[in-house]
A.B. asks: 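I am attaching a structure below and will ask some questions about it afterwards.
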Amino acid sequence: MNNIGVYGLGVMGQSLARNIMQHGFSVSVYNIETEITKQFTQKYPKLFGYESLEAFVNSLEKPRKIILIVTAGRVVDSVIASLKPLLAKGDILIDCGNSYYEDTQRRMQSLQQDGFYLIGSGVSGGEKGALHGPSIMPSGEYRAYCEIADIFTAIAAKNEDGTACCTYIGKEGSGHFVKMVHNGIEYADMQLLAELYAILKRLYPKDRAAVQKAFHQLNQHNLASYLLDITEDILQKKEQEEWLLDKVLDVAKQKGTGKWTACVSLEYGVPVPSLIEAVEARFLSSMKAQRLQAEQCYAGTQDEETSNEQLAADLCKAVLLAKTSIYAQGFSLIAAVNAQCGYHIDTKQLAVIWQNGCIIKSEFLKDIYQAYDKDANLTNLLVSDQFTEYVKQGREDLQRIISFALQKGLYIPVLCSAMNYVNGYTTASLETNLIQAQRDCFGAHTYERVDQAGVFHSDWLK
Ligand code: 6PG
């Protein structure tokens with residue numbers, strides 16, 4: 001009898017199966033296209049491949065543990081439906097795809113009525129992470145998680161101190177929820193780097209080496225990150241004698257997790273402007289034909305190219321502020337949904353399991369860990385000492401960079417929204433009193449006062 005099964009042998013499924021096998025567990029594998037199973041097990045004969053679903057399920061020790069790693073959405077429902085008649089009470093399915101967290105909740109409830117368990121598990125790190133150690137975010141019934149904890153902890157990435165980048169996240173679909181927000185942050189981090197690239201290209205128009213060097217300088221200390229690592233590599237990649245990046249079409253695709261994060265933030269009324277802007281930036285990028293046409297209308301309005309060493313030197317502190325703002329937004333969304341849904345997510349642990357293995361892996365997460373370690377109930381990273389310092393130290397630099405970029409006509413939505421979020425969140429008295437007055441004026445929607453309790457209406461036009 002094998003320890004665990006993997007259903008779905010796409011790149012992620014294959015990598016996960018190999019990772020589990022390499023850690024000494026016996027793994028049954030299944031794919032709807034039997035040819036794929038055959039080829040895969042020929043290459044890795046220590047894995048046990050099955051052509052029939054029944055044989056696959058029956059090859060597993062009880063309670064059976066079956067990882068599903070298939071395309072999110074309806075496919076997950078149909079795979080569960082095909083497995084259900086073959087399962088025994090207490091068996092555990094583990095959805096390791098990028099499922100929408102509310103779908104996971106619905107599936108958990110339905111499976112539990114029949115005596116089965118579903119663990120919804122975010123897995124980050126792409127193909128290489130899945131093979132060499134991903135960051136894993138499982139949630140659902142704790143006793144079901146305990147059955148897979150050994151395997152998941154063994155295959156997860158490890159931090160410098162040996163801690164596994166896998167922890168039980170909380171109730172219901174909370175694992176897929178935090179993975180979704182991880183991806184929302186991932187979108188903002190990526191757009192931030194694209195905006196820095198635009199600024200650096202403007203600062204060093206004909207000097208690719210200077211752009212490479214600037215990214216290298218950024219990728220140090222607490223800004224060191226996986227996304228900066230790959231950006232450095234990408235900037236050095238040549239095809240024949242030309243930069244490969246220059247050949248890549250500027251249309252960014254998306255599978256939907258960033259958009260879900262944006263929608264959930266709107267649903268819960270939690271501002272995450274930079275995460276939303278990053279999604280919008282991908283939409284805008286896809287309007288290639290319109291952008292080409294629109295640029296013609298403004299041809300010749302760009303000013304002279306400039307080189308400015310000081311601005312390049314300002315980048316580090318400015319980026320630290322922007323990252324502070326992005327993560328403050330993302331973590332505040334997690335806190336709000338956690339509180340409302342009663343997931344029992346330990347935010348500090350997210351800062352542990354995202355330090356390695358995942359796409360947003362960075363040194364910066366150590367600062368976030370420290371902040372939540374000091375105060376587990378922190379309302380927003382912006383009010384934590386270390387991050388307050390980053391904001392104070394980076395504000396002028398970021399203002400200069402934003403002003404330079406806007407003067408040059410560059411599109412920098414994440415940098416602007418990151419600064420604006422900080423400006424708004426740290427202003428005790430906003431001018432939204434004018435909005436309340438307008439609402440009351442045209443619609444008698446009433447308003448509250450700063451000097452008296454109660455609800456008021458005035459005749460503003462008299
Ligand atoms: C990860 C990634 C992974 C996937 C993204 C890509 O954490 O390993 O987030 O889940 O690569 O979802 O998303 P887009 O196609 O939407 O950019």
Side-chain angles (χ1 to χ4, degrees), residues 8 10-16 19 67-73 75-76 94-101 103-104 120-139 152 155-157 165-167 169 173-194 225-231 233-234 248-265 272 274-286 326-327 330 333-334 350-362 364-365 414:
V11 277
M12 289 294 285
Q14 293 198 2
S15 298
L16 264 188
N19 185 351
I67 290 178
L68 314 180
I69 186 132
V70 296
T71 315
V75 180
V76 178
I94 311 121
D95 177 5
C96 286
N98 267 334
S99 288
Y100 186 57
Y101 73 106
D103 288 342
T104 303
S121 184
V123 175
S124 178
E127 186 185 347
K128 284 208 180 106
L131 181 60
H132 301 295
S135 172
I136 314 181
M137 298 149 243
S139 70
F152 273 35
I155 65 164
C165 294
C166 171
T167 192
I169 298 295
S174 55
H176 278 138
F177 166 71
V178 297
K179 173 62 181 20
M180 178 194 78
V181 181
H182 164 285
N183 281 24
I185 295 172
E186 170 186 309
Y187 275 48
D189 266 347
M190 292 167 80
Q191 175 63 27
L192 172 65
L193 294 180
S225 69
Y226 168 74
L227 281 170
L228 267 168
D229 284 345
I230 61 167
T231 303
D233 290 340
I234 289 166
V248 178
L249 184 69
D250 57 341
V251 173
K253 302 276 167 63
Q254 50 187 314
K255 295 201 199 78
T257 45
K259 191 170 89 180
W260 292 343
T261 311
C263 290
V264 170
S265 80
V272 293
S274 305
L275 279 54
I276 295 179
E277 284 288 11
V279 179
E280 304 269 25
R282 293 200 190 184
F283 289 146
L284 192 129
S285 81
S286 71
I326 289 170
Y327 283 72
L333 177 60
I334 291 173
L350 294 181
V352 173
I353 64 165
W354 288 350
Q355 271 174 41
N356 212 339
C358 64
I359 305 297
I360 65 169
K361 150 185 173 174
S362 72
F364 188 69
L365 279 150
V414 162

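For reference, positions follow the sequence shown, starting with 1. What's counted below: heavy atoms across the whole structure, side chains too, no hydrogens, waters or symmetry copies. Order of appearance sets the numbers: ligands from 1, and atoms from 1 within every ligand.
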A.B. asks: The criterion is side chain to side chain donor-acceptor pair (under 3.5 Å); which residues satisfy it with Asp250, sequence neighbours excluded?
C.D. replies: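 Side chain to side chain donor-acceptor pair (under 3.5 Å) check on Asp250 returns Lys288, Arg291.
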
A.B. asks: Answer yes or no: is there a side-chain heavy-atom contact under 4.5 Å between Tyr100 and His176?
C.D. replies: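 Side-chain contact under 4.5 Å: no.
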
A.B. asks: Do Asn98 and Lys179 pair up side chain to side chain, a donor and an acceptor below 3.5 Å, judged on atom types alone?
C.D. replies: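 Indeed, the side chains of Asn98 and Lys179 share at least one donor-acceptor pair under 3.5 Å.
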
A.B. asks: Could you check if a side-chain atom of Ile276 sits within less than 4.5 angstrom of a side-chain atom of Glu280, using non-hydrogen atoms only?
C.D. replies: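 Heavy-atom side-chain distance check passes, below 4.5 Å.
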
A.B. asks: Determine whether the side chains of Tyr226 and Asp189 contain a donor N or O and an acceptor N or O closer than 3.5 Å.
C.D. replies: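 The criterion, which ignores hydrogens and geometry beyond distance, is not satisfied for Asp189 and Tyr226.
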
A.B. asks: Could you tell me whether the side chain of Ser99 and the main chain of Thr104 form a donor-acceptor pair under 3.5 Å?
C.D. replies: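 Here the side-chain-to-backbone pair does not exist.
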
A.B. asks: What short N/O contacts, under 3.5 Å, does ligand 1 make with the protein, listed by atom pair and distance?
C.D. replies:
from: ligand 1; atom 1: 7 (O); to: Ser124; atom 2: OG; distance (Å): 2.4
from: ligand 1; atom 1: 7 (O); to: Lys179; atom 2: NZ; distance (Å): 3.2
from: ligand 1; atom 1: 8 (O); to: Ser124; atom 2: OG; distance (Å): 3.4
from: ligand 1; atom 1: 8 (O); to: Gly125; atom 2: N; distance (Å): 2.9
from: ligand 1; atom 1: 8 (O); to: Gly126; atom 2: N; distance (Å): 3.2
from: ligand 1; atom 1: 9 (O); to: Asn183; atom 2: OD1; distance (Å): 3.0
from: ligand 1; atom 1: 9 (O); to: Asn183; atom 2: ND2; distance (Å): 3.2
from: ligand 1; atom 1: 9 (O); to: Glu186; atom 2: OE1; distance (Å): 2.7
from: ligand 1; atom 1: 9 (O); to: Glu186; atom 2: OE2; distance (Å): 3.2
from: ligand 1; atom 1: 10 (O); to: Asn98; atom 2: ND2; distance (Å): 2.8
from: ligand 1; atom 1: 10 (O); to: Lys179; atom 2: NZ; distance (Å): 2.8
from: ligand 1; atom 1: 12 (O); to: Asn98; atom 2: ND2; distance (Å): 3.4
from: ligand 1; atom 1: 12 (O); to: Asn183; atom 2: ND2; distance (Å): 3.1
from: ligand 1; atom 1: 15 (O); to: Lys255; atom 2: N; distance (Å): 3.4
from: ligand 1; atom 1: 15 (O); to: Lys255; atom 2: NZ; distance (Å): 3.3
from: ligand 1; atom 1: 16 (O); to: Tyr187; atom 2: OH; distance (Å): 2.4
from: ligand 1; atom 1: 16 (O); to: Lys255; atom 2: N; distance (Å): 2.7
from: ligand 1; atom 1: 17 (O); to: Arg282; atom 2: NH1; distance (Å): 2.7

